[in-house]
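Because the structure is a prediction, the values reported are computed rather than measured. In what follows, residues are counted from 1 in the order of the sequence shown.
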Amino acid sequence: MSSEGISAEVPPSGTGCVECADAEGWWVHLRRCAECGHVGCCDSSPGQHASAHFRDSGHPVVQSFEPGEDWFWSYEKGKGVLGPELAAPTSRPEDQPAPGPAGRVPANWRLQIH
């Protein structure tokens, strides 16, 4: 069942940003589309793939995909919103660093964030 751009039963697309993984890139933090499960990188990341997914798909709500975080954000409303518990897993693996993934984050990553 989907309401307000959230489908709680849909699992995440993976453990990292789909587009960054395909391009052998890196991310700062991860966001999960609450409608289709697409995992993309945050707007501080070079690729900004989570918000690009919203623009391309129209799926308005993401949830943090970081360990210990369960907040939702609505791109349409430009603010945090409430949502249900989503299908597991609800975050990237705890042993996966942020920024990540391990081995692909440049030493000068702080100079490359937005």
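- Cluster membership check: V105 shares its hydrophobic cluster with I113, using side-chain heavy-atom separations under 4.5 Å among Ile, Leu, Val, Met, Phe, Trp and Tyr.
- Here CD of E35 is found 7.0 Å from OG of S57. Values are rounded to the nearest 0.5 Å.
- By the criterion of side-chain heavy atoms lying less than 4.5 angstrom apart, applied directly or through intervening Ile, Leu, Val, Met, Phe, Trp or Tyr residues, V28 is not grouped with F65; the two fall into different hydrophobic clusters.
- Using modelled atom types, one side-chain atom of Q96 and one backbone atom of T15 make a donor-acceptor pair closer than 3.5 Å.
- Remark: the backbone N or O of E9 is not paired with any side-chain donor or acceptor of S7 at under 3.5 angstrom.
- The CG atom of D43 sits 5.5 Å away from the OH atom of Y75 when rounded to the nearest 0.5 Å.
- Between the side chain of S64 and the backbone N or O of E66 there is at least one donor-acceptor pair closer than 3.5 Å.
- Side-chain contact between L86 and I6: present, with at least one pair of heavy atoms (C-beta onward) separated by less than 4.5 Å.
- W26 and W109 have perpendicular rings, their planes meeting at more than 60° on a 0 to 90° scale where under 30° would count as parallel.
- Two residues are said to be in side-chain contact when any heavy atoms from C-beta on lie closer than 4.5 Å; H29 and S45 fail this criterion.
- Between H59 and H53, the angle of the ring planes goes over 60°, which puts this pair in the perpendicular group of the 30/60° scheme.
- Considering CG of L82 and OG of S74, their distance stands at 11.5 Å, rounded to 0.5 Å.
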Practice task
Would you sort out whether L30 and C42 count as a side-chain contact (heavy atoms from CB on, under 4.5 Å), showing the intermediate values?
Solution key: CA-CA 6 Å; L30 298 171; C42 70; over 6 Å; no
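- Residue W27 forms a side chain to side chain contact (heavy atoms under 4.5 Å, CB included) with just one option from R104, E19, Q48, and that option is R104.
- Taken to the nearest 0.5 Å, the CD atom of E69 stands 9.5 Å off from the CD atom of Q63.
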